[in-house]
Number of protein chains: 2
Amino acid sequence: MSGRRGRVRLEDVAEVAGVSAKTVSNVIRNYRYVSDATRTKVEAAMAELGYRVNLSARALASNQTGFIALAIPGLDNPYYSRLAGYVIDAAREHDWIVLIEQTGSSEALEKAAVSGAGSQLVDGVILQPDAIGHADLTGRFAHHNLVLIGESGVTASADHVTADAAAAARELVEHLLAQGRSRIATVGIRPQDRPNASELRYRGLSQAVESAGLQVRAEYLIPVSRNRRPDGAEAVDQLLALDEPPDAIICFNDLVGSGVLARLRERGVRVPGDIAVAGFDDNEESRFTYPPLTSVAFDLEAIARRCVQRLLLRAGPDGADQPPVRTVVGHRLVVRGSTVASD
Amino acid sequence: MSGRRGRVRLEDVAEVAGVSAKTVSNVIRNYRYVSDATRTKVEAAMAELGYRVNLSARALASNQTGFIALAIPGLDNPYYSRLAGYVIDAAREHDWIVLIEQTGSSEALEKAAVSGAGSQLVDGVILQPDAIGHADLTGRFAHHNLVLIGESGVTASADHVTADAAAAARELVEHLLAQGRSRIATVGIRPQDRPNASELRYRGLSQAVESAGLQVRAEYLIPVSRNRRPDGAEAVDQLLALDEPPDAIICFNDLVGSGVLARLRERGVRVPGDIAVAGFDDNEESRFTYPPLTSVAFDLEAIARRCVQRLLLRAGPDGADQPPVRTVVGHRLVVRGSTVASD
DNA sequence: ATGAAAGCGCTAACAC
DNA sequence: GTGTTAGCGCTTTCAT
């Protein structure tokens, strides 16, 4: 409550409407058994006084805040800002307000999101677990209403919403093989110690390459620190310095892909003539790069809707008893000029 | 409060520590007059019990929520997602949590941010006023602690933090004139009825063009609906259809610039040879387009810090009495290959 | 279908 | 410096 305004209390409305506070409360919360006459009276009184609930008081009394947290690496990646937008929209439909927590994929901040001070003021948490360990996901202070997003090796007994990253990686490799590429490089964050989204993507790629009877060459796996455009540009320099450069580069997201394309152009390498390039996430930008970037699109809206839906279910009466569910949303390969020459 | 956990109340801590609830409260809120011995005892008890404040209860009792709202058009524009990141960081330093409200530049949602149900649960509001009118900014329910960002014709008696968009536009035009360009087109959202950020930018551009003794040609002012990449692409088609196409295109943001560059390339137009292109916002993407996009960079971090600082001041004891302040943050022209041929 | 009373967990006066 | 006493505005049993 911000104070100053909002002086009008529920009790005041009750007085004007000539009913009890409880009845006003019933009207506000759309309780079923209120006569139409009473409801109309109360609504008139609310309008007249300009009444609005005090959410702090409601939260204290009802033990529900109406907030959910979305803990993601950062909004500076279009993938996450788009996801955030969808989550906000999906949450609004259930009168939930979204708190965005930027974790930077750091263990400390992911932990804080799940069990920090703020965690006790949200009715649920949606988390992308990049660095956090299993113990912290289920520890003493961990939020009981948790949905995990993205591929990860974390096997906490929590709901999980993700796309099939390994399958997506496989399709991408197969597409490149079909274009006659055989020396496939990858550029992306190297997993630290645990199997997170990046690691699983690596595995999917490796498997696909090997199933084709090709070798996964160590010098073609370029680790970067941040999965951003400048990292992609640097990786290109490393790859072009090799005795036998790759003929295809798979980037772990389109941001890296953007940097890779820019650098290849500067270096005078033709795409896809000399080297094909592809990414993940299907950022809008990728339709406007030169050449347009082939990418794997994930159904972010479905992820968002599903997360909110699970949270809602668990916040309900017997939600805690539900067994954890794993939801896999769709993805599709969007082929563009960076892997297939146009005309 | 999420319930289930957090069972530990302040009173429990007091009991374990052997002090009163008030003393515990004093410790938590860093009240000055607490003896070290007491503080240590209380902190030990808190750690032992795993105590954490109930923010809902605190909000209700103290009439301060610890939330501020950031109401911006949308996170899908890197300009705003970056700004949001900075605001979150700045707010965190003062233990404030940021609620992001996406307005889509719609009047209704901007209004809601300032005076809607949610507005009474935040200690302050940072708003980019694209469509809202003066009356709604000061109306009955409007939040009393409001900071406006971005250029706008709105003259509400609220704090205002902005860059000098007109000056920036002027510098950009002068740069283009210095490169020998004379037929300067602009692509961007046309202001509806009131002088918002876009309109002011238009004016700055027009003035600069006219001061140079050139004419502002109506057919060179291309209105678009969303200031996004696809809009830029479409605008190019319109401009190239003219009898005398422009020799420079100023885009109202870098997103549009990205679309313009992509389309010019497709159409076989050389940049900057045939047409120079420039934008606003200095997105990271603009360093990786082909050619890299000349752009005006605004000091977003300064905007964020300043907004939080003003909100903080007004949330303080006699903040309401302070006269509204207008802060102008820096900007700079970042010249790249889209306006000046390299080598 | 509506009312009365209790209390959510904290902070804020005011005493001491 | 620390304790005591009231609420903050709402929801929630339990009656009726």
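So that the names make sense, note that chain A is the first sequence line, chain B the second, and so on, each numbered from 1. Computation of the quantities below employed the complete heavy-atom set of this structure, encompassing side-chain atoms and omitting hydrogens, waters and symmetry-equivalent molecules.
A sub-4.0 Å separation between OP1 or OP2 of C:dA12 and a side-chain N or O of B:R29 is present. Residue B:S35 has no polar side-chain atom (N or O) positioned under 4.0 Å from OP1 or OP2 of D:dG1. A:S56 has no side-chain polar atom (N or O) that falls below the 4.0 Å cut-off from OP1 or OP2 of D:dC8.
At a threshold of 4.0 Å, the pair B:D159-B:R314 counts as salt-bridged, since one of the basic side-chain nitrogens sits closer than that to a carboxylate oxygen.
For B:T38, the listed nucleotide lying nearest its side chain is D:dG1; candidates were C:dT11, D:dG1, C:dC8. Among D:dT13, C:dG9, D:dT11, the nucleotide with an atom closest to any side-chain atom of A:K22 is D:dT13. In the set D:dG9, D:dT11, C:dT11, the nucleotide with an atom closest to the side chain of A:N54 is D:dG9. Among the nucleotides D:dC10, C:dT11, C:dG3, the one closest to any side-chain atom of A:T23 is C:dG3. Taking only side-chain atoms of A:R58, from C-beta outward, the nucleotide of D:dT11, C:dA1, C:dG9 with the closest atom is D:dT11. In this structure, of C:dG3, D:dT2, C:dT2, it is D:dT2 that holds the atom nearest to the side chain of B:S20. Distance from the side chain of B:N26 is smallest for D:dT2 among the nucleotides D:dT11, C:dT11, D:dT2.
The CD1-P distance, from A:I28 to D:dT12, rounds to 12 Å in whole Å. Protein atom CE of A:M46 is 17 Å distant from nucleotide atom P of D:dG9, rounded to whole Å. A straight line from CD of A:Q64 to P of C:dC8 spans 17 Å, rounded to a whole angstrom. In this entry the distance linking CG of A:L60 with C1' of D:dC10 reads 8 Å, nearest Å. Rounded to an integer number of Å, the gap from CG of A:L49 to P of D:dG9 is 14 Å. One can place CG of B:N63 at 13 Å from C1' of D:dG7, the figure rounded to the nearest angstrom. Atom CZ of B:R9 and atom C1' of C:dT11 are 16 Å apart (whole Å). The distance from atom CG of B:L10 to atom C1' of D:dA6 is 16 Å, rounded to the nearest whole Å.
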Practice item. Decide side chain to side chain donor-acceptor pair (under 3.5 Å) for B:S35 and B:T38; before the verdict, give the C-alpha distance in whole Å, the side-chain angles of both, and the deciding distance to 0.1 Å. Key: CA-CA 5 Å; B:S35 71; B:T38 312; 2.5 Å; yes

Practice item. Applying side chain to side chain donor-acceptor pair (under 3.5 Å), run through B:Q102 and B:Y80 and close with a yes or a no. Key: CA-CA 10 Å; B:Q102 304 192 90; B:Y80 293 112; over 6 Å; no

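A:D123 is listed as a side-chain neighbour of A:W96, based on a closest heavy-atom distance under 4.5 Å.
Checking side-chain atoms of A:T103 against main-chain N and O of A:I72 turns up a donor-acceptor pair under 3.5 Å.
Residue whose closest nucleotide on DNA chain D sits further toward the 5' end, between B:V19 and A:Y51: B:V19. The residue among B:G18 and B:A61 whose nearest nucleotide of DNA chain D is located toward the 5' end is B:G18.
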